[in-house]
Amino acid sequence: RPLLDPSPPLPALYASLGFSIFAFLAALFLVPALGPTFIRANLKGRDLLKVYSDPIPESQGLVCASIYILLLILFIPFPFSTTVASLASSGGNSDRGLTDAASASLHHEVRKLSVYLSSLLSLLMATMLGFLDDVFDIRWRHKVPIPLIASIPLLMVYYAEGGNTHVVIPLPLRRIFGVLVNLGPLYYVYMSLLSTFATNSINILAGINGSEVSQALIIALSVILNDLLYLPWPVGFRIPLHLLGNQAEVEVGGTWHAGMAYGSSELVGRHLFSLYFMLPLVGVCLGFMYHNWYPARAFPGDTLCYVTGMAFSVVGIQAHFSKTLLLFFLPQIFNFILSCPQLFGVVPCPRHRVPRFDPETNLLSPSKTLFLKPPSRLASFVLHTLATLRLTELTVHPTTGNILEATNLTILNFFLLRLGPMNEKRLVQVLICTQVAGSILAFTVRYGLAGLVYDG
Ligand code: UD1
Ligand code: MG
């Protein structure tokens with residue numbers, strides 16, 4: 001058997017597709033079937049933007065996470081059967097009686113298996129954290145460190161794999177920094193922050209039917225599209241990809257290298273790994289979205305936000321495309337930066353920042369945060385700046401000039417400010433269009449503009 005098999009293990013990829021269809025069907029049937037069980041366990045919430053107050057089963061992301069992780073476990077034999085078979089044939093001792101090439105190949109497989117298992121561990125921790133958050137409403141400052149800890153297995157395996165911590169400096173800055181800079185431990189800090197960001201950023205862009213799951217779905221589809229560019233396609237498909245790949249800069253080992261998109265089989269392997277995690281995620285998300293779509297009959301809870309966020313950071317880190325991945329989070333980055341004054345306590349943050357619902361017209365308009373006491377100098381400065389940028393709208397006292405009210409600092413309220421009141425379904429459609437536009441921009445930047453700042 002050659003050391004690195006250049007053709008992708010298609011049976012595993014077909015199995016992954018099959019598992020994804022199964023994931024879709026399982027979510028489609030299990031989510032409504034388990035709804036009453038969730039309500040009985042007091043896992044329920046009221047839809048804040050409706051006239052009725054029937055209890056809706058909450059944190060059904062747990063159903064999705066369970067289906068997803070179980071299927072990922074059942075999938076293990078498909079890509080790793082050669083590992084298992086050779087281990088068995090060598091009597092459990094991987095080195096005895098093997099030629100050098102076979103032994104190297106076996107080590108390679110075992111390394112891939114440890115990457116896979118550590119990823120599962122991080123996903124399980126994210127699920128647990130999300131579910132605990134749903135049940136206990138963990139405080140912000142307490143839940144931030146947990147994804148950091150959950151990412152340790154990932155980082156250890158990255159380290160053991162000889163993970164690269166160099167970054168390539170863009171052309172204009174090379175005079176100062178040189179071509180390559182080793183970020184060393186800082187690179188690990190960056191990667192653990194990535195998992196914290198990915199898990200929380202989806203959770204704070206939430207509150208309208210379908211918002212959380214549609215973000216996850218579009219990001220997963222974008223990652224899949226990006227992975228497909230790296231597979232060794234038959235010659236007929238290659239021509240357009242070749243044009244794209246030629247001017248592309250490909251990340252290898254965490255650094256940017258010039259080359260064609262479908263270069264080495266190592267690279268193909270990493271993107272296959274990413275596909276194995278993303279395909280079933282699309283399946284569960286689609287199945288769940290059917291029930292979470294306006295008017296929602298199931299809520300995702302924090303569990304879904306955390307497990308999907310962790311899945312993205314897992315593939316971004318392990319398949320070495322974390323910078324490309326961040327480009328797919330443009331709406332989340334915007335929402336996070338806009339939210340910072342409220343997240344860090346400069347501006348008061350109410351428990352819910354979802355838009356305000358008008359039962360008369362069925363339309364949503366921006367919700368507001370009230371200042372019971374005059375805002376601090378910093379808060380006034382920040383809010384006036386944001387108001388000048390038309391990111392918020394203020395109500396000021398006619399005589400003292402103190403700020404009395406400001407619209408909550410979220411992207412959803414920003415849409416309503418700029419586009420006017422609209423109904424909930426239209427607002428989630430606007431969010432989906434923004435996410436898709438963000439991904440199109442991401443592909444343009446990644447494959448079109450990267451050539452301008454990096455040499456190809
Ligand atoms: C985050 C947001 C909060 C937002 C909330 C809505 C921050 C810092 N926190 O808090 O502002 O209000 O998400 O999810 O930005 N709900 C609906 N319709 C939906 C989804 C949820 O009405 O489509 C309501 C339900 O009452 C549900 C509750 O939101 O029970 C869930 O809120 P939760 O996920 O616990 O809020 P956080 O994630 O803490
Ligand atoms: Mg939430």
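The structure displayed is predicted, hence computed values, not measured ones. Remember, it's 1-based here, ligands and their atoms both numbered in the order they're listed.
Protein residues are said to neighbour a ligand when one of their heavy atoms lies under 4.0 Å from it; for ligand 1 these are Gly45, Arg46, Asp47, Leu48, Glu58, Asn203, Ile204, Ala206, Gly207, Ile208, Asn209, Phe299, Asp302, Leu343, Arg351, His352, Arg353, Val354.
Within the structure, no pair that satisfies the ring pair (Phe, Tyr, Trp, His ring centres under 6.0 Å) test touches residues 345-379, not counting sequence neighbours. Applying the side chain to side chain donor-acceptor pair (under 3.5 Å) test to every pair with at least one member in residues 378-389, sequence neighbours left out, gives no pairs at all.
Not less than 6.0 angstrom separates the ring centroid of Tyr68 from the ring centroid of Phe277. The distance between the ring centers of Tyr306 and Phe131 does not fall below 6.0 angstrom. The distance between the ring centers of Tyr116 and Tyr276 does not fall below 6.0 angstrom.
Side chain of Arg111 to backbone of Ala160: no donor-acceptor contact under 3.5 angstrom is found.
When only modelled atom types and interatomic distance are considered, Arg356 and Ser365 share a side-chain donor-acceptor pair under 3.5 Å. Donor-acceptor pairing under 3.5 Å is lacking for the side chains of Thr407 and Asn413.
Distances from the Mg ion (ligand 2) under 2.8 Å pick out these protein N/O/S atoms: Asn203 OD1, Asp302 OD1.
Each of Thr324, Leu221, Val315 was scored for a side chain to side chain contact (heavy atoms under 4.5 Å, CB included) with Asn226, with one residue passing: Thr324.
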